[in-house]
2 protein chains.
Amino acid sequence: MDVTGDDLLKMLTALSNQHRLRIVGMLSVERDYVSRLAGRLGMSRPLLHMHLARLEAAGLIEGSLELSADGKAMKFFEVTPFALHLTPESVAEAVKTLSDDRRGDGDEK
Amino acid sequence: MDVTGDDLLKMLTALSNQHRLRIVGMLSVERDYVSRLAGRLGMSRPLLHMHLARLEAAGLIEGSLELSADGKAMKFFEVTPFALHLTPESVAEAVKTLSDDRRGDGDEK
DNA sequence: GACAGGTGTCAGCAAATTCTGTCATGTGAT
DNA sequence: ATCACATGACAGAATTTGCTGACACCTGTC
């Protein structure tokens, strides 16, 4: 199987937003850190922070805190090389592994 | 190109919901009409109606009103055979054709 | 010490989405 | 006429999402 239904839903939800699509597009070309990215996208840092968190939670991007030469802590983000093939059949397959409740996010056995 | 950025976003938004994924999954196996589908999914008809409208607006499913043998008007829905290949690169490509404002849905020149 | 430039987080408002309940339509069978 | 079963649409509540404007932290430089 490709991914579980829950994971697929998380990825689709993460990508269903104009800003987040742009973020993935930009990071796909080159990795970047939060402040600069916010400037390039023309959005506030708290907002970008939220979108990045959503993308990272879905496993589409990954961030790493690094220290620049002059001692500043900078968080760089880069895309995870994902490949999602969506067809009616693949969706039907993924739905089989979709948990009933979207809120019980974790260990509902 | 595959699809325009706006269309891609519309499809992703349509698929970013547990119920709508299930709907696509079910219709992918066999076409069905609204009332029966609502029963199989365990949701109210007004709600299903809304989800179906969203999926149809995104071009993922298509409905046709038909008359059963005993004269009842029944609206059957079936999936459109879509194929979406999502990768960081394809997203970057689609972002190029993404209109700035999501509200000006039409003739913003 | 004050500043610049990086990080993160929180409260709270605005807006979109999701959902329910109710109503109105039409047909064939009882 | 009344019931069963199909359709569609609307008003309004509840929830989630998107966004802004503070705030606090750290480090190196002026």
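Order of the sequence lines sets the chain letters (A, B, ...), proteins ahead of strands, with each chain counted from 1.
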Checklist entry - Taking only N and O in the side chain of B:His51, is any of them less than 4.0 Å away from OP1 or OP2 of C:dC19? => result yes
Item to check | Pairwise side-chain contact, A:Arg20 with A:Leu15, heavy-atom cut-off 4.5 Å (strictly under) | outcome: no
Checklist entry - Which sits closer to the 5' end of DNA chain D, A:Gly71 or A:Ser16, going by the nucleotide each is nearest to? => result A:Ser16
Checklist outcome for this item: Among D:dT20, D:dG8, C:dG21, the one nearest any side-chain atom of B:Pro46 is C:dG21
Next on the checklist: Working to the nearest 0.5 angstrom, can you tell me the gap between B:Glu93 CD and B:Glu89 CD?
Outcome noted: 10.5 Å
Next on the checklist: On the nucleotide C:dT18, are OP1 or OP2 found under 4.0 Å from the side-chain N or O atoms that B:Arg54 carries?
Outcome noted: yes
Item to check | Of the listed nucleotides D:dT7, D:dA9, C:dT7, the one nearest the side chain of B:Val34 | outcome: D:dT7
Item to check | d(CD, A:Glu66; P, C:dG5) in whole Å | outcome: 21 Å
Checklist entry - Side-chain contact, heavy-atom cut-off 4.5 Å: B:Thr80 with B:Leu60? => result no
Item to check | side-chain N/O B:Tyr33 vs D:dT7 OP1/OP2, d < 4.0 Å | outcome: no
Checklist entry - Using a cut-off of less than 4.0 Å, is there contact between a side-chain N or O of A:Lys72 and OP1 or OP2 of C:dT7? => result no
Item to check | A:Arg20 vs D:dG18: side-chain N/O to OP1/OP2 distance below 4.0 Å | outcome: yes
Next on the checklist: Can you measure A:Phe77 atom CZ to C:dG6 atom P for me and round it to whole angstrom units?
Outcome noted: 15 Å
Item to check | Short side-chain N/O contact from B:Ser44 to OP1 or OP2 of C:dT20, under 4.0 Å | outcome: yes
Checklist entry - Checking side chain to side chain contact (heavy atoms under 4.5 Å, CB included) against A:Met74, which of A:Ser68, A:Ser64, A:Ser35 comes through? => result A:Ser68
Checklist outcome for this item: Whole-Å distance, A:Asp70 CG to D:dC30 C1', equals 15 Å
Checklist entry - Taking for each residue the nucleotide of DNA chain D bearing the nearest heavy atom, is the 5' side occupied by B:Arg36 or by A:Leu47? => result B:Arg36
Checklist entry - Quick one: is D:dC19 close enough that its OP1 or OP2 comes under 4.0 Å of any side-chain N or O from A:His49? => result no
Checklist entry - Is the count of non-hydrogen atoms from other residues, nucleotides or ligands lying under 6.0 Å from A:Glu66 atom CD greater than 12? => result yes
Next on the checklist: Rounded to whole Å, please give me the gap between CG in B:Leu41 and P in C:dT18.
Outcome noted: 15 Å
Checklist entry - How long is the line joining CG of A:Leu48 and C1' of C:dT7, in whole Å? => result 13 Å
Checklist entry - Taking OP1 and OP2 of C:dT17, is either one under 4.0 Å from a side-chain nitrogen or oxygen of B:Asn17? => result no
Checklist entry - Could you give the NZ-to-P distance, from B:Lys75 to C:dG26, as a whole number of Å? => result 18 Å
Checklist outcome for this item: In whole angstroms, the gap separating P of D:dG8 from CD of B:Glu56 amounts to 10 Å
Item to check | Between P of C:dG26 and CG of B:Leu65, the distance in whole Å | outcome: 14 Å
